[in-house]
Structure formats: C-alpha cells, structure tokens
Amino acid sequence: MVRDRNQPNSTHRVLVSGNYCHDVLIKDGVVLAETLGGAASFISNVFDGLSVPYNLVSKVGSDFAYSVPRDPIVVPNCKTTLFHAHFDSGVDGDGRQDRVLKRVSSCDPIKPSDLPESGFDFGMAVGVGGEVTVETMEKLLEICNTVFVDIQALIRAFDGVDGTVKHVALKESGFFHLLPRIGFLKASAEEALFMEVEEVRKLCCVVVTNGRRGCRVYWRDGEVEVGPFPTNQVDPTGAGDSFLGGFVAGLVNGLTVPDAALLGNLFGSLTVGQIGLPKFDFRLLQGAREEVQRRKMQCVNCCERKDDKFRFVNAAGHEQFHASLGVAKQTTKCLAHEPQWDLPSSPPKSTEQVVLCQYTTQPKSLTGSVYEEAIKTVNVESKP
C-alpha cells in the first residue's frame with residue numbers, strides 16, 4: 001500500500017503517478033553507478049526539499065532495493081522496472097542524445113483502481129516504463145484539477161529484443177485525444193520532435209526543456225523563453241524530472257508560470273551536476289524557499305490575478321528572481337566536489353551541510369547487484 005494515500009485533505013495536494021526504478025549507469029562498457037531511478041523519485045526528491053505536500057502511487061517488484069519516504073505498492077513475483085543507461089565518451093551533448101537507454105525489466109502498470117478516490121489540486125503522470133495507461137490517465141484527469149504530463153509517459157516504446165527506448169509520434173500514442181483535458185505537457189527538445197508544437201499548444205500548455213539553454217513555455221496565445229542556470233553536466237539522467245518537480249512546486253506556491261519554470265530550471269541544473277538521484281544542500285533549499293516566498297508576495301502586491309488560474313506573462317522582477325536563485329546556487333553548492341565520470345569520488349560534505357534525504361540511494365541489501373550481465377565495474381561511488 002502507498003503510505004499516506006488517504007491522509008486528510010491539505011492545501012494544494014499533489015498526486016504523483018509513476019513507478020520507481022532501478023537505474024544502472026554505464027559508460028564505455030563500465031558500470032559507474034547503480035541508483036534509485038524513475039521520474040517519481042526525482043520529483044519526490046524536489047518536493048521533499050521544498051516541503052511540497054504530495055501523495056505518490058508507484059509500483060515495484062519484490063526485489064526493490066531502496067528505502068523511500070512514500071512506500072510503493074509491492075507486486076509479488078514481479079521485478080522492479082530496470083533501466084540501463086549507456087553513455088559513450090565519444091558523444092558530447094547537452095541533452096539526452098549522449099546516451100542509449102534500455103528497459104531491461106518492467107513492473108506492472110498502474111491501474112485506475114490503484115489511484116485514490118479523493119480529489120487533488122494537481123496531478124502528475126510521470127511514467128517512464130509504459131506504466132501509465134490511457135485508462136489510468138483518464139482517472140487521473142477525473143480526480144485532479146490540473147494534470148501535468150511528461151511526454152515520455154505517452155510516447156515511449158521499447159524494442160522487443162533488447163528493450164532500447166524508442167519514441168512514437170504523439171498522435172499515434174493513443175493519448176492524443178486527452179490533450180484538451182491536460183493542463184501542461186512537458187517535453188525535452190528531442191522529444192518535442194515527436195509532436196507538432198504549434199498544434200498541441202492550442203490544446204494544452206507545452207513546456208519544452210532544452211538543457212543548458214533553459215526552456216520555452218507555449219500556450220494558445222503566446223510563448224515565453226525562460227533562462228538557464230550555468231552548470232557542469234555530469235549525468236543528464238533525471239534532469240527533466242527534477243525540472244518538472246521544481247516547476248510544479250513553483251505553481252503550488254503561487255508563482256507565475258515563467259517564475260515556476262525558473263525554479264524548474266534551477267533544479268534541473270542541480271541534478272545534472274551529480275550522478276543519479278541528487279542530494280541538495282540544506283542552505284540552498286532554505287534560500288530557494290525564502291526566495292520563492294518573497295517572489296510570491298511581490299507578485300501578490302504587484303499583479304492582479306483576476307480569474308486566471310495561472311499567470312503566463314512575466315511579472316516585474318522576473319530577472320531579479322532569476323539572479324537571486326542563481327546567487328543561492330553559487331553560494332551553496334549541492335556537493336563540494338561531485339565525482340566526474342572518469343575521476344575517483346571526492347568525500348561528501350558533512351551532514352550539517354547536506355540535506356538528510358529520506359531516500360537511501362545505496363541498496364538496502366548489497367548481497368547482489370541489479371545489473372544482470374557480466375561486465376567490468378570501477379570503484380566510483382554514486383551519491384553518498
């Protein structure tokens with residue numbers, strides 16, 4: 001059962017729907033890290049850091065190797081969804097084109113009956129392994145006022161031989177007819193090639209992330225570009241998921257859409273600077289929360305909300321908010337020296353400097369590896 005699934009109603013509750021995964025990160029045939037994965041884990045990580053109340057529906061197998069703050073549904077006689085991410089040092093990009101992703105095993109899909117009956121302000125469909133079905137999406141749309149969807153939950157397909165992740169056109173995904181009921185559709189620049197943005201923006205808001213170039217938000221009557229935060233990329237895994245977590249967290253806290261996208265860009269940039277699931281510096285999170293509240297009050301005082309649920313136009317002070325978040329990032333790094341792909345790991349900061357994340361990113365049992373092939377490994381730590 002999912003912990004806190006039937007907790008009393010609270011303001012701006014968010015329902016996250018997507019499976020936890022086991023991720024194995026491999027570079028040039030060498031296993032660098034085995035980590036907790038799945039969009040749900042990255043989004044939950046951001047929500048926990050920013051104190052966003054949320055519920056989670058996720059399924060795993062009896063082999064699930066990690067301790068997490070929201071218990072998943074454990075499916076007996078089933079394996080947890082497992083991905084192998086293959087990186088090639090000869091390919092260099094700022095998005096996801098520098099990796100080949102393979103689904104090795106998959107857990108059961110999330111059924112409509114797995115979702116709670118009570119209503120939520122915000123819902124998130126963030127499947128990564130095909131676990132969100134059309135029927136489940138319809139149920140999510142029924143019980144949530146606004147639904148955010150990662151396009152990877154809709155367009156991913158998997159090779160029948162080796163599980164390599166492929167994409168189908170959004171119109172051929174079986175989900176296209178639901179777009180008018182969706183609030184926001186998030187896609188990377190590469191994934192956006194599988195839809196007609198000019199057509200889709202007339203049906204729902206579209207957010208396209210573009211790595212170190214930031215993101216662009218499209219809606220029926222306009223669009224806005226939101227600037228990035230400079231960073232040194234170590235591992236692109238989960239960057240888009242952390243972006244979506246920050247984006248929704250901003251909207252939950254009453255920010256305008258461009259300001260919320262800034263918060264998303266911040267957490268996306270923090271994620272690519274670490275291997276696997278990131279840990280965030282406590283002072284950085286505290287500073288981000290303070291800046292969000294300050295920005296919220298500033299917008300309340302200077303903007304007339306009218307009857308619009310979300311404000312899409314930049315409000316005065318957007319650039320200053322960007323700068324303030326940038327200062328928070330520069331003055332309090334996530335980790336002092338996160339290991340690079342080809343370097344030995346550096347010691348972590350003290351626990352006073354790093355958030356005591358509720359996730360155990362090392363497996364609960366080290367008696368075996370989730371990597372199932374005979375392959376060379378190196379002594380490179382994932383996140384402490």
Side-chain angles (χ1 to χ4, degrees), residues 10-12 14 42-54 121-122 148 184 186 207 209 211-217 224-232 238-274 278-305 309-336 349 352-357:
S10 57
T11 304
H12 296 305
V14 182
F42 287 89
I43 291 168
S44 299
N45 195 30
V46 174
F47 283 176
D48 289 332
L50 294 176
S51 302
V52 174
Y54 68 99
D121 291 330
F122 301 96
F148 301 77
F184 293 82
K186 195 274 305 180
V207 183
T209 59
R212 57 174 59 104
R213 286 184 285 275
C215 68
R216 183 173 288 271
V217 183
V224 63
E225 185 172 1
V226 181
F229 293 86
T231 192
N232 293 320
D241 307 323
S242 292
F243 165 87
L244 189 56
F247 179 63
V248 173
L251 294 177
V252 167
N253 279 282
L255 296 183
T256 66
V257 170
D259 287 344
L262 266 182
L263 193 63
N265 283 347
L266 173 66
F267 280 95
S269 73
L270 293 171
T271 298
V272 300
Q274 302 182 48
K279 286 189 176 180
F280 303 125
D281 184 277
F282 175 78
R283 294 167 300 173
L284 184 146
L285 291 173
Q286 185 178 37
R289 288 192 295 264
E290 290 174 354
E291 291 300 330
V292 166
Q293 291 305 311
R294 185 178 297 114
R295 180 59 175 160
K296 175 183 177 180
M297 295 307 301
Q298 183 183 35
C299 289
V300 167
N301 293 332
C302 71
C303 300
E304 186 179 354
R305 185 70 176 263
K309 190 170 186 179
F310 301 106
R311 290 167 287 173
F312 287 89
V313 179
N314 268 332
H318 176 80
E319 293 78 8
Q320 181 57 48
F321 181 53
H322 191 174
S324 297
L325 292 178
V327 169
K329 180 185 178 184
Q330 291 300 318
T331 56
T332 55
K333 300 292 186 181
C334 276
L335 292 175
K349 288 186 176 183
E352 288 80 15
Q353 294 173 295
V354 178
V355 170
L356 296 179
C357 184

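Note that the coordinates shown come from a computational prediction; the quantities given were computed from them, not determined experimentally.
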Exercise for the section: Any chance you could measure Arg295, atom CZ, to Asp259, atom CG, to the nearest 0.5 Å? Expected result: 4.0 Å
Handout entry: Nearest non-hydrogen partners of Leu255 and Val292, listed with the distance
Key = CD2-O, 3.8 Å
Practice task
Before giving the answer on side-chain contact (heavy atoms from CB on, under 4.5 Å), spell out for Leu325 and Phe229 the whole-Å C-alpha distance, their side-chain angles and the decisive distance to 0.1 Å.
Solution key: CA-CA 9 Å; Leu325 292 178; Phe229 293 86; 3.8 Å; yes
Problem - Any Val224 side-chain heavy atom under 4.5 Å of Arg216 side chain - result: no
Exercise for the section: Go through the side-chain N and O atoms of Ser269 and Lys329 and say whether any donor and acceptor fall under 3.5 Å apart. Expected result: yes
Problem - Intermediate values then yes/no, side-chain contact (heavy atoms from CB on, under 4.5 Å), Val14 and Phe148 - result: CA-CA 10 Å; Val14 182; Phe148 301 77; over 6 Å; no
Exercise for the section: Determine, stepwise, if the pair Phe42 / Leu244 fulfils side-chain contact (heavy atoms from CB on, under 4.5 Å). Expected result: CA-CA 9 Å; Phe42 287 89; Leu244 189 56; over 6 Å; no
Exercise for the section: Could you give me the CA-CA distance, side-chain angles and deciding distance for Tyr54 and Phe122, then say whether ring pair (Phe, Tyr, Trp, His ring centres under 6.0 Å) is met? Expected result: CA-CA 9 Å; Tyr54 68 99; Phe122 301 96; over 10 Å; no
Exercise for the section: Using the side-chain contact (heavy atoms from CB on, under 4.5 Å) rule, take Leu50 and Val46 through it: C-alpha gap first, then chi angles, then the decisive distance, then the call. Expected result: CA-CA 6 Å; Leu50 294 176; Val46 174; 3.9 Å; yes
Practice task
Measure up the Phe247 and Phe184 rings against each other and bin them: parallel (under 30°), tilted (30 to 60°), perpendicular (over 60°).
Solution key: perpendicular
Practice task
Measure the spacing between CG of Leu270 and NZ of Lys279 and express it to the nearest 0.5 Å.
Solution key: 15.5 Å
Exercise for the section: Quick one: closest heavy-atom pair of Ala249 and Phe47, and the distance? Expected result: N-CE2, 4.0 Å
Fill in the blank from the handout: Looking only at heavy atoms, the pair that brings Cys215 and Thr209 closest together is CB-CA, 3.9 Å
Practice task
Taking all non-hydrogen atoms of both residues into account, name the closest pair between Pro258 and Asn314 and its distance.
Solution key: CB-OD1, 2.8 Å
Practice task
Taking His322 for its side chain and Pro228 for its backbone only, find out whether a donor-acceptor pair lies under 3.5 Å.
Solution key: yes
Exercise for the section: List for me each residue that meets salt bridge (Lys or Arg N to Asp or Glu O under 4.0 Å) alongside Arg294, sequence neighbours excluded, and say none if there are none. Expected result: Glu291
Handout entry: CG-CG distance between Leu251 and Asp121, expressed to the nearest 0.5 angstrom
Key = 12.0 Å
Handout entry: Least distance between heavy atoms, Pro278 atom then Asn45 atom
Key = O-ND2, 2.6 Å
Completion exercise
When every non-hydrogen atom of Gly254 is compared with those of Arg311, the smallest separation belongs to O-NH2, 2.9 Å
Practice task
Kindly compute the distance separating CZ (Phe321) from NZ (Lys296), expressed to the nearest 0.5 Å.
Solution key: 12.5 Å
Exercise for the section: Would you give the length of the straight line joining atom CG of Asn265 to atom OG of Ser242, rounded to the nearest 0.5 angstrom? Expected result: 12.0 Å
Problem - Thr231 vs Arg212 side-chain heavy atoms within contact, under 4.5 Å - result: no
Completion exercise
Between the CG atom in Leu262 and the CG atom in Leu266, the distance rounded to the nearest 0.5 Å is 8.5 Å
